[in-house]
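Below is one structure; the comments refer to it alone.
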Amino acid sequence: MPELPEVETIKETLKRLVINKTITDVSVYWPNIVKRPDDAEQFKHRLAGQTIRDIGRKGKFLLFQLDDAVLVSHLRMEGKYSVHPSNEPVKKHTHVILAFSDGEELRYNDVRKFGTMHVFDKGEELVHKPLNQLGPDPFDAAFTAEYLYQRLKKTERSIKTVLLDQTVVAGLGNIYVDETLFKANVHPLRKASRLKKREVKAIWEAAIATLREAVEMGGTTIRSYVNSQGDMGMFQQELFVYGRESEPCKMCGKPIVKMKIGGRGTHVCVACQEMK
DNA sequence: CATAAAACCTGCAGGC
DNA sequence: TGCCTGCAGGTTTTAT
């Protein structure tokens, strides 16, 4: 389930594979993936003839920078990109194919079909959904402890729920929120508005540190994630709470507890992360 | 307005 | 063996 570190890793591996390749043909096998333009034929026309000049990332979105368009792609839970010779058999769950002039293809595979693609004229992508509502990237200078404090102060929601809100900060998902709150010693059910400034600062530091470390390790492979070259991430070895229900806390030895918060599975060490 | 829940999908684990 | 239920998860849409 790609969150920021996984998308960042995918972006970097993909760059080496498709930069300067020219799209000659586009196939769409599951049209619901394509959200803009809403017609698959127009989508194909918009991409055909374009060369991939660069690949960027905003939060969990990949941005394929083309000559005069931008393809904005979200992988949701299980979306994957990979590059193959065009004569290689197409796997099950491959829903979109960009064929290049050199005989290779960029294939989008997504078991759950939740991923999305939007094409915009260059420069338009930031003022329309889905990118226009995104909060700062955690690695952006605009993401400061003070900014986070101001945002948290205004909501009665639990800190767990707020950190998953992409309009507050873009890129954290279920795994890294649980890890961040553990590292900051904050219980996920704490009301965001009641957190002390020093607690918010601890959360801010823990989020950036956790994400940076995960990027360095190529992301976390829990169930199915691999980068665009098929490599697994290594950060799962570093997880303190996520996926460790009933296992001993690496800090205090008490069993990790799993609970549901805002409909999401949430892992917590109730000894290390005080409710107060 | 704020917040919660449903919907989108498929595969897989667990119960019977 | 196999059917049925529930769960997983990011985001948007719909309901409260």
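- Following rounding to the nearest Å, A:Met77 (CE) and C:dT11 (P) show an atom-to-atom distance of 9 Å.
- Taking the ring pair (Phe, Tyr, Trp, His ring centres under 6.0 Å) definition, one finds that A:His84 meets it with nothing, sequence neighbours left out.
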Please walk me through it: do A:Met117 and A:Leu71 pass side chain to side chain contact (heavy atoms under 4.5 Å, CB included)? CA-CA 7 Å; A:Met117 295 185 190; A:Leu71 170 61; 3.9 Å; yes
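- Per the geometry, CD belonging to A:Glu78 stands 10 Å off P belonging to B:dG11, to the nearest Å.
- At a threshold of 4.0 angstrom between heavy atoms, the contacts of A:Asp110 with the nucleic acid are absent.
- Contact check, A:Lys191 against B:dT3: no side-chain N or O comes under 4.0 Å of OP1 or OP2.
- Straight-line distance from the OH atom of A:Tyr242 to the C1' atom of C:dC7: 11 Å, rounded to whole Å.
- Of all nucleotides listed (C:dT12, B:dT3, C:dT11), B:dT3 comes nearest to the side chain of A:Thr155.
- For A:Val111, whose side chain is taken as the heavy atoms from C-beta onward, the closest listed nucleotide among B:dT10, B:dT3, C:dT11 is B:dT10.
- Of the N and O atoms on the side chains of A:His267 and A:Asp178, at least one donor lies less than 3.5 Å from an acceptor on the other residue.
- By the stacking rule of 5.5 Å between ring centres and under 30° between planes, A:Phe114 does not stack on the base of C:dT11.
- Checking B:dT10, B:dT3, C:dT12 against every side-chain atom of A:Arg157, the shortest atom distance belongs to B:dT3.
- Of the listed nucleotides (B:dT3, B:dC9, B:dG11), B:dC9 has the atom at the smallest distance from the side chain of A:Trp30.
- Taking atom CD on A:Glu156 and atom P on B:dC1, their separation rounds to 17 Å, with Å as the unit.
- Without hydrogens or angle criteria, A:Glu179 side chain to A:Phe240 main chain gives a donor-acceptor distance under 3.5 Å.
- Nearest nucleotide to the A:Lys113 side chain, out of B:dT10, C:dT11, B:dG11: B:dT10.
- OP1 or OP2 of B:dC9 has at least one side-chain nitrogen or oxygen of A:Asn32 nearer than 4.0 Å.
- The interatomic distance linking A:Ile261 (CD1) with B:dT3 (P) rounds to 15 Å, in whole Å.
- Separating the NE2 atom of A:His95 from the C1' atom of B:dC8 is a distance of 13 Å, rounded to the nearest angstrom.
- Listed nucleotides: C:dC7, B:dC9, C:dT12. Nearest to the side chain of A:Lys260: C:dC7.
- Atom NZ in A:Lys154 sits roughly 13 Å away from atom C1' in B:dC1 (whole-Å rounding).
- The side chain of A:Lys92 has B:dG11 as its nearest neighbour among C:dT11, B:dC9, B:dG11.
- Taking only side-chain nitrogens and oxygens, A:His93 comes nearer than 4.0 Å to OP1 or OP2 of B:dG11.
- Checking B:dG11, C:dT13, B:dC9 against every side-chain atom of A:Lys129, the shortest atom distance belongs to C:dT13.
- A:Thr24 and A:Ser101 share no side-chain donor-acceptor pair at under 3.5 Å.
- With rounding to whole Å, A:Met117 atom CE is found 21 Å from B:dC8 atom P.
- A:Ile159 contributes atom CD1, which lies 12.0 Å from atom CD of A:Gln273 (distance to the nearest 0.5 angstrom).
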